[in-house]
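Reminder, nothing fancy here: chain letters follow the sequence lines and each chain counts from 1.
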2 protein chains.
Amino acid sequence: MSEEKQEYNVENAKSQMRKGFLEFPVLLIIGAKPTYAPDILKQLKNANLLVVEGTLYPLLSRLKRSGLVGYEWLESPSGPPRKMYTITLEGKEVLQQLETSWRSLDTSVNTLINHYEKSN
Amino acid sequence: MSEEKQEYNVENAKSQMRKGFLEFPVLLIIGAKPTYAPDILKQLKNANLLVVEGTLYPLLSRLKRSGLVGYEWLESPSGPPRKMYTITLEGKEVLQQLETSWRSLDTSVNTLINHYEKSN
DNA sequence: CCAAGGTACCTTGCAATGCATAGTACCGTG
DNA sequence: CACGGTACTATGCATTGCAAGGTACCTTGG
């Protein structure tokens with residue numbers, strides 16, 4: 001059994017933290033108002049959530065395939081047409097469940113922090 | 001291009017939410033006091049964070065390989081010996097960084113919720 | 001008219017991780 | 001000494017973030 005030490009990469013950890021929960025912020029944004037991809041990227045960036053194209057587009061496709069969002073093409077004042085995504089009824093329901101899950105996770109983790117952090 | 005609809009699975013979403021960020025609670029627990037795997041599972045369960053063996057053991061191995069934790073064998077009052085994990089100095093540093101990342105994520109998401117949720 | 005640059009969308013392949021499943025090994029007890 | 005409980009380990013799959021590369025539309029300057 002090799003015992004090679006492997007440097008711990010905090011950047012990777014942050015990246016992994018984003019994993020699987022990005023659907024929630026994206027649904028939140030689309031749920032508030034029809035939007036298209038580059039605008040979603042800007043809003044996430046404003047919120048300090050770094051997401052890149054290569055992550056967002058497949059995510060939007062998944063949401064579409066699952067029926068949580070729909071879209072329609074809209075002409076742009078300058079440039080190619082835009083896919084304006086809108087949330088569906090099913091999307092709204094899932095959004096609420098995701099929010100519940102998030103709150104639960106949030107509470108759990110913050111409780112753990114408060115409970116264990118004093119020991120340092 | 002196939003347009004087959006794929007049911008959205010909230011359980012899977014929850015599972016994905018846990019992804020990559022479990023290191024943080026686990027490090028928190030080990031950082032507070034030397035512990036062994038089944039006890040960590042209990043504490044996570046108490047905190048409402050469902051984790052199973054098949055997830056925890058590989059995670060502990062990774063933490064060990066990265067030098068964030070160490071362990072020593074301790075005889076059990078009944079049953080096989082236990083791997084008592086302890087946090088290392090490097091582990092404490094990473095723990096603080098993970099906590100910073102968590103707080104940042106927490107703030108971002110809660111801000112998004114407050115900002116967008118009113119539109120419903 | 002057309003070349004160049006900007007905008008918008010999409011795809012492919014890799015790495016990391018949660019988890020189900022199955023397996024190994026130690027221990028005490030009846 | 002067989003059996004059940006405790007503890008640890010290994011294998012393989014599915015999902016997802018992301019880097020990198022690509023296609024297509026539109027406007028503008030020469």
Side-chain angles (χ1 to χ4, degrees), chain A residues 1-3 6-26 35-42 44 49-66 69 71-85 98 101 105, chain B residues 1-3 6-26 35-42 44 49-66 69 71-85 98 101 105:
Chain A
M1 181 107 57
S2 104
E3 281 283 345
Q6 213 166 326
E7 274 311 324
Y8 188 81
N9 183 346
V10 179
E11 279 317 306
N12 175 53
K14 287 187 191 176
S15 164
Q16 293 297 334
M17 262 197 193
R18 286 191 273 274
K19 211 153 193 167
F21 108 114
L22 276 180
E23 294 174 348
F24 177 40
V26 170
T35 335
Y36 67 111
D39 195 34
I40 294 177
L41 286 176
K42 276 178 209 144
L44 290 173
L49 288 175
L50 292 188
V51 181
V52 295
E53 269 195 332
T55 300
L56 183 59
Y57 280 106
L59 197 166
L60 289 172
S61 297
R62 288 198 298 274
L63 293 180
K64 173 67 170 66
R65 253 200 315 281
S66 307
V69 303
Y71 65 78
E72 45 190 49
W73 289 98
L74 188 74
E75 284 187 14
S76 163
S78 74
R82 297 165 176 172
K83 260 189 182 175
M84 298 299 285
Y85 283 93
L98 290 182
S101 296
L105 193 68
Chain B
M1 181 107 56
S2 103
E3 282 282 344
Q6 211 166 326
E7 272 311 323
Y8 187 82
N9 183 345
V10 178
E11 279 317 306
N12 176 53
K14 288 188 189 175
S15 164
Q16 294 296 334
M17 262 198 192
R18 287 192 274 275
K19 211 155 193 167
F21 107 115
L22 275 179
E23 292 174 349
F24 176 41
V26 171
T35 334
Y36 66 111
D39 195 34
I40 295 176
L41 286 176
K42 275 178 209 146
L44 289 174
L49 288 175
L50 292 188
V51 183
V52 295
E53 269 194 331
T55 299
L56 183 60
Y57 281 106
L59 196 165
L60 289 172
S61 298
R62 289 198 299 274
L63 293 179
K64 174 68 171 65
R65 254 201 316 281
S66 306
V69 303
Y71 64 79
E72 45 189 49
W73 289 99
L74 188 75
E75 284 187 14
S76 163
S78 76
R82 297 166 175 173
K83 261 189 183 174
M84 296 299 283
Y85 284 93
L98 289 182
S101 298
L105 193 66

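Residue-level contact check: G54(A) touches the bases, meaning some heavy atom is under 4.0 Å from a base atom. Note on E75(A): nothing from the nucleic acid sits closer than 4.0 angstrom, heavy atoms only. In this structure, S15(A) reaches the sugar-phosphate backbone alone: every heavy-atom distance under 4.0 Å involves primed, P, OP1 or OP2 atoms, never a base. Using a 4.0 Å heavy-atom cutoff across all strands shown, E11(B) reaches no nucleic acid atom at all.
The phosphate of dC26(C) (OP1 or OP2) has no side-chain N or O of R82(B) nearer than 4.0 angstrom. For N12(A), no side-chain nitrogen or oxygen approaches OP1 or OP2 of dG17(D) to under 4.0 Å. For the OP1/OP2 pair of dC9(C) and a distance below 4.0 Å, the side-chain nitrogens and oxygens of Y57(A) include at least one atom meeting the criterion. OP1 or OP2 of dC9(C) has not a single side-chain nitrogen or oxygen of Y36(A) nearer than 4.0 Å. Between T55(B) and dC19(C) there is a side-chain N or O to OP1 or OP2 distance below 4.0 Å.
For the pair E23(A)/Q16(B), no side-chain contact is recorded, criterion being any heavy-atom separation below 4.5 Å from C-beta on. L44(B) is listed as a side-chain neighbour of V26(B), based on a closest heavy-atom distance under 4.5 Å. At least one side-chain heavy atom of L49(A) sits under 4.5 Å from a side-chain heavy atom of L105(B).
Nearest-nucleotide assignment on DNA chain D puts the 5′-proximal partner with A37(B), out of R62(A) and A37(B). Taking the nucleotide of DNA chain C with the nearest heavy atom to each of R18(B) and K83(A), the more 5' of the two is matched to K83(A). In terms of position on DNA chain D, the residue among P80(A) and P58(B) whose nearest nucleotide sits closer to the 5' end is P58(B).
Regarding Y85(B), its OH atom lies at a distance of 11 Å from the C1' atom of dA7(D), rounded to whole Å. If you measure from atom CZ of F21(A) to atom P of dG18(C), you get 15 Å, rounded to the nearest angstrom. Note: CD (E23(B)) to C1' (dG18(C)) measures 12 Å, nearest angstrom. Straight-line distance from the CZ atom of F24(B) to the P atom of dT17(C): 16 Å, rounded to whole Å. Between the NZ atom of K64(A) and the P atom of dT11(C) there is a distance of 13 Å, given to the nearest Å. For the pair L63(B) CG and dA16(C) P, the interatomic distance rounds to 15 Å; values are reported in whole Å. The separation between L50(A) atom CG and dC18(D) atom P is 8 Å, rounded to whole Å. Atoms CD (Q16(A)) and P (dC14(C)) sit 17 Å apart, rounded to a whole Å.
Counting distance only, with no hydrogens placed and no angle test, the side-chain atoms of E53(B) and the base atoms of dC19(C) include no donor-acceptor pair under 3.5 Å. A donor-acceptor contact under 3.5 Å is formed by the side chain of K19(B) with the base of dT15(D).
The line from CG of L56(B) to CG of L63(B) is 9.0 Å long, rounded to the nearest 0.5 Å. For the atom pair S76(B) OG and Y36(B) OH, the distance stands at 6.5 Å (nearest 0.5 Å). The distance from the CG atom of L74(B) to the CD atom of E72(B) is 7.5 Å, given to the nearest 0.5 Å.
Side-chain proximity of V52(A) to dA19(D), dT15(D), dG18(C): nearest is dA19(D).
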